[in-house]
Protein chains: 2
Amino acid sequence: MPHRHDHSEAIRTVAELLPKDELLCDLGDLFKLFGDTTRIKILYSLFESELCVCAIAELLKMEQSAISHQLKILKDAKLVGCRRDGRTNVYFLADDHVRTIIGQGFEHLMEDEK
Amino acid sequence: MPHRHDHSEAIRTVAELLPKDELLCDLGDLFKLFGDTTRIKILYSLFESELCVCAIAELLKMEQSAISHQLKILKDAKLVGCRRDGRTNVYFLADDHVRTIIGQGFEHLMEDEK
DNA sequence: GTATCATATGAACAGAGATTCATATGAAAG
DNA sequence: CTTTCATATGAATCTCTGTTCATATGATAC
């Protein structure tokens with residue numbers, strides 16, 4: 001028992017309502033995907049239209065390799081999809097939740113400005 | 001010019017619609033807050049009721065110091081608020097956006113299960 | 001086939017961030 | 001005013017992660 005004062009009641013109540021550890025981890029992992037500027041920029045770019053790797057690299061003024069690495073992460077998480085087109089790889093948003101989640105973050109920031 | 005094939009049109013279009021760098025960074029920083037399991041757990045705990053530091057530490061079975069450090073980060077970001085109560089510090093959700101954003105993440109995970 | 005373009009990938013490096021340990025602060029009880 | 005409890009904080013450590021560099025793959029054009 002680390003401390004003396006009693007809050008066991010509150011703890012019990014909250015503990016029962018807390019989701020499983022695994023789910024909370026998955027939730028953290030999901031938000032981690034949005035927690036990087038490069039990935040946010042990539043996702044935001046794909047809001048408008050599908051794009052090939054080198055277009056994104058040019059747009060963000062970053063190296064092709066860096067973009068490719070991040071696209072792999074987004075693809076593994078199934079936030080983006082990929083399609084071959086000649087010798088280029090075209091990426092696109094795989095899920096409309098991406099728009100919603102980023103939109104929510106956006107709204108939060110906007111209200112903070114006030 | 002890093003590559004030969006032309007996509008300058010797509011780049012121009014997207015570039016115009018892309019928010020400022022600073023905003024995209026802020027967005028990334030916001031999501032970074034949710035991208036850690038400990039912080040997710042803390043926020044989730046505060047969904048139910050306000051809690052003092054040692055209650056959270058006990059609940060999550062983590063050291064008081066670790067919780068305190070994370071609470072500082074959440075407080076600096078104004079996601080949680082803090083109130084003195086005798087010699088304990090009581091923390092609470094400062095913003096209902098937190099519920100919305102985490103809720104969206106939750107929904108995304110649930111749909112993925114299918 | 002060979003050369004070239006677009007992308008992927010692995011290793012190495014560097015920076016950020018989370019936890020722990022030790023200690024400081026601050027309030028209340030005696 | 002001293003002691004104890006609750007929390008905060010700084011430094012150190014260790015882990016994770018993003019970028020770069022070099023290279024591999026894969027497809028097209030010649």
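Just so it is clear, the values below take in all heavy atoms, side chains as well, and ignore hydrogens, waters and symmetry mates. Each chain gets a letter, A, B and so on, in the order its sequence line appears, and its residues count up from 1. Keep in mind that this is a model prediction, so the values were computed, not measured.
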Which pair of heavy atoms, one from [X] and one from [Y], lies closest together, and at what distance?
X	Y	result
Leu59(A)	Ile11(B)	CD1-O, 3.7 Å
Leu71(B)	Val80(B)	O-CG2, 4.1 Å
Leu46(B)	Tyr91(B)	CD2-O, 3.5 Å
Ala10(B)	Leu51(A)	CB-CD2, 4.0 Å

Measure [atom1]/[X] against [atom2]/[N] and give the value in whole Å, please.
X	N	atom1	atom2	answer
Met62(A)	dT20(D)	CE	C1'	10 Å
Lys75(B)	dT9(D)	NZ	C1'	13 Å
Leu74(A)	dA8(C)	CG	P	12 Å
Arg83(A)	dT7(C)	CZ	P	12 Å
Leu60(B)	dT19(C)	CG	P	10 Å
Glu58(B)	dT7(D)	CD	P	11 Å
Ile73(B)	dG10(D)	CD1	P	13 Å
Leu71(B)	dT9(D)	CG	C1'	14 Å

Assess whether one donor atom and one acceptor atom, taken from the side chain of [X] and the base of [N], lie less than 3.5 Å apart.
X	N	result
His69(B)	dT7(D)	no
Ser65(B)	dT9(D)	yes
Gln70(B)	dA18(C)	no
Gln64(B)	dA8(D)	yes

Task: For DNA chain D, the residues among residues 31-52 of chain B that have a non-hydrogen atom under 4.0 Å from it - done: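 Heavy-atom contacts with DNA chain D come from Cys52(B).
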Task: Close residues, residues 84-95 of chain B, relative to DNA chain D [heavy-atom separation under 4.0 Å] - done: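 Under 4.0 Å from DNA chain D: Arg87(B), Thr88(B), Asn89(B), Tyr91(B).
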TODO: Would you check if Leu33(A) and Phe31(B) make a side-chain contact, meaning some heavy-atom pair closer than 4.5 Å?
DONE: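 Leu33(A) does not reach Phe31(B) side chain to side chain.
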- [ ] Could you tell me whether the side chain of Val14(B) reaches within less than 4.5 Å of the side chain of Phe47(A), counting heavy atoms only?
- [x]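 No; the side chains remain at least 4.5 Å from each other.
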TODO: Looking at every strand, decide which applies to Ile67(B) at a 4.0 Å heavy-atom threshold: base, sugar-phosphate, or nothing.
DONE: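 Nothing, no nucleic acid heavy atom in range.
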Open item on the list: With rounding to the nearest 0.5 angstrom, report the CG to CZ distance, Asn89(A) to Arg83(A).
Closed with: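 If I round to the nearest 0.5 Å, the distance is 9.5 Å.
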TODO: May I ask you to say whether Asp36(B) pairs ionically with Lys32(A), meaning some side-chain N is under 4.0 Å from a carboxylate O?
DONE: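 Salt bridge between Asp36(B) and Lys32(A), a charged N being under 4.0 Å from a carboxylate O: no.
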TODO: Check the hydrophobic clustering (I, L, V, M, F, W, Y; side-chain heavy atoms under 4.5 Å; chains of links allowed) and say if Leu18(B) and Ile40(A) are grouped together.
DONE: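 Cluster IDs for Leu18(B) and Ile40(A) match.
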